S.K.: 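Dropping a structure here in structure tokens format, bear with me for questions.
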Amino acid sequence: MNDSSTEPQSTNFIRSIIDADLASGKHKKVITRFPPEPNGYLHIGHAKSICLNFGIAQDYPSAVCHLRFDDTNPGKEKSEYIDAIKEDVRWLGFSWDDNSHHTSDYFDQLYAYAVQLVKQDKAYVDSLSAADTKAYRGNLTEPGIDSPFRGRSIEENIDLLERMKTGEFAEGEHVLRAKIDMAAPNMNMRDPAIYRIKHMAHPMTGDKWHIYPMYDFAHCVSDAIEGITHSLCTLEFEDHRPLYDWFLDELKTPAHPQQIEFSRLNLDYTVMSKRKLYELVEDGHVHGWNDPRLPTLSGMRRRGYTANAIRDFCSRIGVTKKDNIIEMSVLENSLREDLNSVAPRALAVLDPIKLIIDNYPEDQEETLAGVNHPKNPDAGTRDIPFSKTLYIELSDYMDDAPKKFFRLTVGREVRLRFAYYVTCTHVVKDDSGNVTEVHCRYDPETRGGKSEDGRKVKGTIHWVSAQHAVTAEVRLYDRLFTIPAPVAEKERDFKEFINIDSAQVLANCQLEASLLNANTTAYQFERQGYFCLDSVDSKPGSLVFNRIVTLRDSWAKKK
RNA sequence: UGGGGCGUGGCCAAGUGGUUAAGGCACGGGGUUUUGAUCUCCGCAUCCCAGGUUCGAAUCCUGGCGCCCCAGCCA
């Protein structure tokens, strides 16, 4: 008997390629890599790549996935990001064991390979200004023109490169370029830069270097050095692949990894680029990288998303080469599925109004048992105090209610969850007509929420005993943007579409007493959604809950 | 208008010449239910277009059309 989970592993075209490579004997074991640049926080788009790369490492025998920080640009990178990135990957449930690397680990080897290229007359030091380089490159329809420095001798190039390395020249004075073809239809092959001068200390190598390698050169060589078999990246690198292969072929590296491209993840009603997320953070539209409305992994974690849900989501969306915009409902479905199975239930009134049971004794109090999880008896029950004055949800009462409104209106009977049946008798309103109190009578024969006579009560509402309630702040989050594809609006700035109601703060929520001891797991507030303590702002004396996601609401749809 | 990709239902996505064209999400409807939740049952496409090859095409060929990416000394 094998009782291990038989969870179907979604396959994709990349796994098919790997299967074929293993079958043909091209590779004995698979090595992938996840190569973030430490210049910002990871988002759910990265999670897709992480699940793909680390997922392959998990599923194939003796396969591994390296974590590699692509730190070739000290002008943009900070070591602070490294720990955050590691934390996010770990939180998602993946490990890299002792395979955490930095591209900067290979700077010496990279340089030696560059020298080799020069010696093969496949690279040269160019002294054109940045502006001239651009002008010489041509454009999409016109070929470029050779730089006047393209014909320098190997000796001169070696000398110049060495002096670039030792910091003899100013930034921008020279650049090492591959000698390929200035007329190539693929712009990437028009003598791309290999090294540029940057008089800048590097987080890992300090002030050792004055030149830093470019992505196209560093990435393929690093992959080769690490023995990566399949180098998975996103679609925009597709026309870099000829260059990736050119470098490795010219350098005759011991290994020649295969670059395979897949489409990046796009989610509707949000943005997914580091630059745009940075803009939202910098301009104060959200409160930091871990704002619960952001699709960053740190924001989602704070919001209450589970790693399980994100992994499940990634397996559901698949991996292809097609541009896509995934609907938020797919993510929410993965989330609800996970949360529903594990979240303990609780009663919480977010928008309270008093419900007074006129025929319930003034000073009486009793304790009722609430089921912690309807599908899991092992979760047990908890005590919930009940008394004459309760809080119920304002929206659970309506003056002129339609027949299909299964809640309170004068003359209608509902069940108070786990408690009694109550029938609404009248309401009290203030001068402006707002309901301030709902009055009702209860049926003592319905304790626990069931009646002997088999009478049907269609509606069940949640409540909290006023004198026992815990007051807390609850933050309700909604989509960050008002349109599905804010970045697709070419003529307008995506920030114009920010949803100004994306974060609603309710300061006077009334929670059942047991929530006073809430821990860090997610709870389902019955009939409302899933909530968890805010890891940043919640304090023992003043609880703050985040709404992770609402429950499905078919009644709301009908209305 | 150079080069590289992509085009299967509202959104994803299987499918690789013979299947009633998987599955998920969404949507619509029925049942169960002390959460209008969960669970459950049912419904929901002829494959961008046009020709062609073939007994037979989403799958092969030809020609269109549409969308995305590339002119950083960013990654």
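Just so it is clear, the values below take in all heavy atoms, side chains as well, and ignore hydrogens, waters and symmetry mates. To find a chain, count down the sequence lines: A is the first, B the second, and so on, and within it residues start at 1. Keep in mind that this is a model prediction, so the values were computed, not measured.
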S.K.: Return the value, rounded to whole Å, for the distance between atom NE2 of His373(A) and atom P of rA37(B).
M.R.: 15 Å
S.K.: Any N or O donor-acceptor pair under 3.5 Å from the base of rU35(B) to the side chain of Gln524(A)?
M.R.: yes
S.K.: Is Arg479(A) salt-bridged to Asp268(A), going by a charged N under 4.0 Å from an acidic O?
M.R.: no
S.K.: For the rings on Tyr244(A) and His240(A), is their centre-to-centre separation under 6.0 Å?
M.R.: no
S.K.: Would you say the ring centers of His174(A) and Phe149(A) fall short of 6.0 Å from each other?
M.R.: no
S.K.: Does the separation of the ring centres of Phe237(A) and Tyr215(A) fall below 6.0 angstrom?
M.R.: yes
S.K.: Between rU35(B), rA75(B), rA37(B), which one does the side chain of Phe237(A) approach most closely?
M.R.: rA75(B)
S.K.: Identify whether any heavy atom of Leu128(A) sits under 4.0 Å from a base atom; if not, whether one sits that close to sugar-phosphate; answer base, sugar-phosphate or nothing.
M.R.: base
S.K.: Strictly by Watson-Crick or wobble contacts shorter than 3.5 Å, is anything paired with rC65(B), and which nucleotide is it?
M.R.: rG7(B)
S.K.: Could you check how far CG of Asn73(A) sits from P of rG72(B), rounded to whole Å?
M.R.: 16 Å
S.K.: Under 4.0 angstrom, heavy atoms only, what part of the nucleic acid is Lys274(A) near: base, sugar-phosphate, or nothing?
M.R.: nothing
S.K.: Could you tell me the separation between the NZ atom of Lys458(A) and the P atom of rA37(B), rounded to a whole number of Å?
M.R.: 10 Å
S.K.: In this structure, how many angstroms lie between the C1' atom of rG2(B) and the CG atom of Leu140(A), rounded?
M.R.: 7 Å
S.K.: Ser341(A) near the nucleic acid: base, sugar-phosphate alone, or nothing, with a heavy-atom cut-off under 4.0 Å?
M.R.: nothing
S.K.: Sequence neighbours excluded, which residues qualify as ring-ring contact (aromatic ring centres under 6.0 Å, His included) partners of Phe525(A)?
M.R.: Phe531(A), Phe545(A)
S.K.: Does a salt bridge link Lys321(A) with Glu238(A), judged by any charged N lying under 4.0 Å from a carboxylate O?
M.R.: yes
S.K.: Would you mind classifying the nucleic acid contact of Ser129(A) as base, sugar-phosphate or nothing, using non-hydrogen atoms under 4.0 angstrom?
M.R.: base
S.K.: Rounded to the nearest Å, what distance is computed from the CG atom of residue Asp216(A) to the P atom of nucleotide rC70(B)?
M.R.: 13 Å
S.K.: Between Arg552(A) and Val330(A), just flag the one whose closest nucleotide in RNA chain B comes earlier from the 5' side.
M.R.: Val330(A)
S.K.: Categorize Thr133(A) for me: base, sugar-phosphate, or nothing, with a 4.0 angstrom heavy-atom threshold over every strand shown.
M.R.: base
S.K.: How far, in whole Å, is rC12(B) from rC69(B) if one measures between their P atoms?
M.R.: 16 Å
S.K.: Under 3.5 Å, is there an N or O donor on one side and an acceptor on the other linking the side chain of Glu142(A) and the base of rG2(B)?
M.R.: no
S.K.: Using a 4.0 Å heavy-atom cut-off across all strands, classify Ala130(A) as base, sugar-phosphate, or nothing.
M.R.: base
S.K.: Under 4.0 Å from OP1 or OP2 of rG72(B): is there any side-chain N or O of Lys134(A) that close?
M.R.: yes
S.K.: Could a donor-acceptor pair under 3.5 angstrom be found where the side chain of Arg407(A) meets the base of rG36(B)?
M.R.: yes
S.K.: Scan every strand shown for a Watson-Crick or G-U wobble partner of rC55(B), both distances under 3.5 Å, and answer none if you come up empty.
M.R.: rG18(B)
S.K.: Can you check the distance between rA14(B) and rU19(B), where both ends of the measurement are the C1' atom (answer in whole Å)?
M.R.: 12 Å
S.K.: Which residue is it: Gln258(A), Gln259(A), Glu261(A)? I am looking for the one with a side chain to side chain donor-acceptor pair (under 3.5 Å) to Arg241(A).
M.R.: Glu261(A)
S.K.: Mapping Glu236(A) and Gly459(A) onto RNA chain B by nearest heavy atom, which one lands closer to the 5' end?
M.R.: Gly459(A)
S.K.: Once you apply a heavy-atom cut-off of 4.0 Å, does His240(A) come out as touching a base, just sugar-phosphate, or nothing?
M.R.: base
S.K.: Between P on rC73(B) and OH on Tyr195(A), what's the gap in Å once rounded to a whole number?
M.R.: 16 Å
S.K.: For rG3(B), does the base pair up with any side-chain atom of Asp239(A) as donor and acceptor (N or O, under 3.5 Å, distance only)?
M.R.: yes
S.K.: For nucleotides 13-17 of chain B, tabulate all protein N/O to nucleotide N/O atom pairs closer than 3.5 Å, reporting atom names and distance.
M.R.:
unit_1, atom_1, unit_2, atom_2, d
rA13(B), OP1, Thr320(A), OG1, 2.6
rA13(B), OP2, Lys322(A), NZ, 3.4

S.K.: If you only use heavy atoms from C-beta on, which nucleotide in rC25(B), rC74(B), rA37(B) is closest to the side chain of Pro374(A)?
M.R.: rA37(B)
S.K.: So, does the side chain of Arg336(A) form a donor-acceptor pair with the base of rU38(B) at under 3.5 Å?
M.R.: no
S.K.: Using a 4.0 Å heavy-atom cut-off, does Met189(A) contact any base of the nucleic acid, only the sugar-phosphate backbone, or nothing at all?
M.R.: nothing
S.K.: Step by step, work out the side-chain hydrogen bond (donor to acceptor under 3.5 Å, both in side chains) result for Thr103(A) and Asp70(A).
M.R.: CA-CA 5 Å; Thr103(A) 300; Asp70(A) 211 350; 2.9 Å; yes
S.K.: Rounded to the nearest Å, what distance is computed from the CE atom of residue Met182(A) to the P atom of nucleotide rA71(B)?
M.R.: 14 Å
S.K.: Expressed in whole Å, how much space separates the C1' atoms belonging to rU33(B) and rG23(B)?
M.R.: 28 Å
S.K.: Using a 4.0 Å heavy-atom cut-off across all strands, classify Arg137(A) as base, sugar-phosphate, or nothing.
M.R.: sugar-phosphate
S.K.: Apply ring-ring contact (aromatic ring centres under 6.0 Å, His included) to His462(A) and list each qualifying residue two or more places apart in sequence or on a separate chain.
M.R.: none
